[in-house]
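The block underneath contains the structure these notes are about, expressed in structure tokens.
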There are 2 protein chains.
Amino acid sequence: MASRKNGTTARTRCEQCPLRDFKPFREFSSDELSFVSNFKTGELTTDSGSTVLVEGAHSAHLYTILDGWAFRYKILEDGRRQILNYGMPGDLLGLQGSLMGEMQHSVEALTPLTLCVFERDRITELFENQPTLAYDVTWIASREEAILDEHLLSVGRRSALERAAYLLAFLQKKALSVNLVGENSGTLPITQQHVADTLGLSIVHTNKTLRKLANRDLIHWLDRGCEVIDADGLAEIADWEFEVSTNRPFI
Amino acid sequence: MASRKNGTTARTRCEQCPLRDFKPFREFSSDELSFVSNFKTGELTTDSGSTVLVEGAHSAHLYTILDGWAFRYKILEDGRRQILNYGMPGDLLGLQGSLMGEMQHSVEALTPLTLCVFERDRITELFENQPTLAYDVTWIASREEAILDEHLLSVGRRSALERAAYLLAFLQKKALSVNLVGENSGTLPITQQHVADTLGLSIVHTNKTLRKLANRDLIHWLDRGCEVIDADGLAEIADWEFEVSTNRPFI
DNA sequence: CGGGCCCTTGAATTCTCTCAAACAATGTGG
DNA sequence: CCACATTGTTTGAGAGAATTCAAGGGCCCG
């Protein structure tokens with residue numbers, strides 16, 4: 001288990017949640033807002049690199065990312081790791097564990113994280129009293145599924161270059177939507193090992209593939225991060241279109 | 001668009017749904033049952049090979065498989081196809097489209113299918129009046145996500161032999177749970193092309209890989225189907241464990 | 001200053017793909 | 001009933017992609 005800085009009580013009040021100002025998210029009714037405000041039992045801060053949720057565990061909590069980057073992954077017995085998806089502000093962590101008992105994947109912080117903490121046991125309350133929020137939760141689960149579909153298509157059928165292009169375009173567009181990077185600024189806080197473990201490639205081949213993208217001036221690879229220069233160019237290589245989802249929910 | 005035999009009104013009454021007799025599914029309260037019975041607007045029968053849902057479409061319907069096999073897939077512009085998952089009795093089709101507007105993948109019948117038909121627009125009713133069923137829908141979405149995670153791990157990190165072993169073990173166990181095959185009988189109604197498109201391999205290499213499994217007497221490959229001899233042996237090769245989910249929901 | 005982590009590169013090996021060809025089973029029309 | 005087209009499986013061989021092994025360099029931190 002990894003280290004955690006601390007777990008203080010709620011600092012950010014839901015009524016003043018900074019995420020509500022972002023374009024992509026939908027508005028809450030005052031009823032929904034007060035429910036969520038009460039549903040949130042605290043806030044958790046973690047170091048970069050710490051493990052937030054562990055495969056096999058029965059976590060008592062459910063989190064929404066308030067700030068920072070995370071990733072979900074699974075590992076085989078001999079250590080081979082597959083990164084499944086990345087989490088950014090507004091993303092829900094641990095829903096699977098809440099519904100199905102045991103976590104089937106782990107979650108690790110890519111940067112220092114700020115998480116809103118919810119009690120797993122109280123999710124029934126949400127379904128019983130807040131049908132619109134329940135719908136939102138299902139929407140979120142369904143969206144995650146759609147993204148996994150796209151990842152699976154990528155890993156299964158795209159070439160190494162296309163895969164890398166897709167991943168970086170995806171991360172850039174997603175980060176952009178929640179202001180983690182700007183249109184022409186900001187870096188993705190990942191290493192080439194993360195890219196390799198997401199694409200299902202070795203680190204050596206990943207390195208050579210990223211070099212090709214860098215040589216075409218689509219990205220700049222920095223010390224431990226990636227600056228995306230031309231996300232649309234990347235998306236084009238991958239034959240991928242980003243669907244701009246406005247009005248998306250979060251809890 | 002593919003051909004369809006016909007689309008008659010409900011034949012099978014929910015109160016006498018044959019799926020309710022299977023071990024893995026949970027019981028309904030009479031209230032839930034009457035809601036679902038009313039929620040179901042008809043029954044649809046399709047030929048093997050027909051397309052049930054198309055990527056990009058705004059389907060007005062949502063289906064539960066009552067009988068038969070199906071698969072979900074996505075294709076790239078140049079025709080490369082990735083099969084995402086397989087559908088069997090009790091599985092929900094088209095939820096993503098219902099929640100997010102547009103279908104992001106297609107669904108095709110692997111055998112003749114019998115589907116329960118629901119109206120997309122009425123899903124809000126379900127969330128508003130049936131919190132337990134709403135929870136079930138979320139559970140189902142979440143479970144699909146967990147399966148996709150496992151597939152992604154497989155395609156990303158397992159060797160060709162491990163991948164094939166995992167897939168066949170998965171299909172066999174899943175089919176077994178809904179009586180589509182017996183413990184020592186029944187075949188998976190797939191071609192090697194389906195296996196290839198699921199594993200992200202070429203058909204030639206898939207053929208050679210399946211041959212290895214057949215030579216070890218783990219499977220028998222028939223004309224257009226696969227007979228699994230030793231599902232546990234396959235699962236062992238893949239370092240995979242099937243989680244027996246008893247009491248799982250379906251709509 | 002040493003150790004650890006990350007990026008980079010070359011070379012040999014292994015895996016997987018494409019191309020090509022054949023055969024078996026099925027179905028159709030004459 | 002046979003000729004023929006179609007679909008699915010099988011095999012070999014050469015080409016291409018990706019892996020492992022190996023090694024070196026840069027940077028940060030204790």
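Order of the sequence lines fixes the chain letters, A, B, ..., with proteins taken first and strands second; residue numbering starts at 1 for each chain. Only heavy atoms go into these numbers, but all of them, side chains included; no hydrogens, no water, no symmetry mates.
- A salt bridge (charged side-chain N to carboxylate O under 4.0 Å, His left out) check over residues 202-215 of chain B, counting only residues at least two apart or in different chains, returns nothing.
- Taking CG from Leu210(B) and OG1 from Thr206(B), the interatomic distance works out to 6.5 Å, rounded to the nearest 0.5 Å.
- A salt bridge links Asp91(A) to Lys174(A): at least one charged side-chain nitrogen sits closer than 4.0 Å to a carboxylate oxygen.
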List, one per line, each side-chain donor-acceptor pair under 3.5 Å for residues 219-232 of chain B, sequence neighbours excluded.
unit_1, atom_1, unit_2, atom_2, d
Asp230(B), OD1, Asp232(B), N, 3.4
Asp230(B), OD1, Gly233(B), N, 2.8
Asp232(B), OD1, Lys173(B), NZ, 2.7

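- In this structure, Arg81(A) CZ and Glu108(A) CD are separated by 6.5 Å, a value rounded to the nearest 0.5 Å.
- One can place CH2 of Trp221(A) at 11 Å from P of dC6(C), the figure rounded to the nearest angstrom.
- Between its two ends, the helix from dC1(C)-dG30(D) to dG30(C)-dC1(D) turns its axis by 30°, counting five pairs per end and rounding to 10 degrees.
- Using a 4.0 Å cutoff on non-hydrogen atoms, the parts of residues 155-162 of chain B near DNA chain C are Ala160(B), ordered by number.
- Within 6.0 Å of CD on Glu241(A) lie no more than 12 heavy atoms contributed by other residues, nucleotides or ligands.
- Within residues 194-210 of chain B, the residues approaching DNA chain D are Val204(B), Asn207(B), Lys208(B), by heavy-atom distance under 4.0 Å.
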Under 3.5 Å, sequence neighbours excluded: what are the donor-acceptor pairs made by side chains of residues 161-170 of chain B?
unit_1, atom_1, unit_2, atom_2, d
Glu162(B), OE1, Arg80(A), NH1, 2.9
Glu162(B), OE1, Arg80(A), NH2, 3.4
Glu162(B), OE1, Ser159(B), N, 2.8
Glu162(B), OE1, Ser159(B), OG, 3.3
Glu162(B), OE2, Arg80(A), NH2, 3.1
Arg163(B), NE, Arg158(B), O, 3.0
Arg163(B), NH1, Leu199(B), O, 2.7
Arg163(B), NH2, Arg158(B), O, 3.4
Tyr166(B), OH, His151(B), ND1, 2.7

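- By the side chain to side chain contact (heavy atoms under 4.5 Å, CB included) test, Leu176(A) is found to be paired with Val181(A), Glu183(A), residues two or more places apart in sequence or in another chain being considered.
- Put simply, CZ on Arg211(A) is 15 Å from C1' on dG10(C), counting in whole angstrom units.
- Shown are Ile190(B), Leu171(B), Ile203(B); of these, the side-chain contact (heavy atoms from CB on, under 4.5 Å) with Val195(B) is made only by Ile190(B).
- When the side chain to side chain contact (heavy atoms under 4.5 Å, CB included) test is applied to Met103(B), the partners found at least two apart in sequence or on another chain are Leu53(B), His105(B).
- Judged purely by distance below 3.5 Å, without hydrogens or angles, the side chains of Asn85(A) and Glu144(A) pair a donor atom with an acceptor atom.
- The ring-ring contact (aromatic ring centres under 6.0 Å, His included) check on Phe71(B) picks up Tyr73(B), His194(B), with sequence neighbours excluded.
- With Asp239(A) contributing its side chain and Leu76(B) its backbone, the two residues share no donor-acceptor pair below 3.5 Å.
- Taking Phe242(B) as the reference, Trp240(B) meet the ring-ring contact (aromatic ring centres under 6.0 Å, His included) condition, with sequence neighbours excluded.
- Between the side chain of Glu55(A) and the backbone N or O of Lys74(A) there is no donor-acceptor pair closer than 3.5 Å.
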List, with names and distances, any nitrogen or oxygen atoms from the protein found under 3.5 Å away from nitrogen or oxygen atoms belonging to nucleotides 2-4 of chain C.
none

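- Protein chain A contacts DNA chain D from dA18(D) to dC21(D), reading 5' to 3' and using non-hydrogen atoms of the protein with a distance under 4.0 Å.
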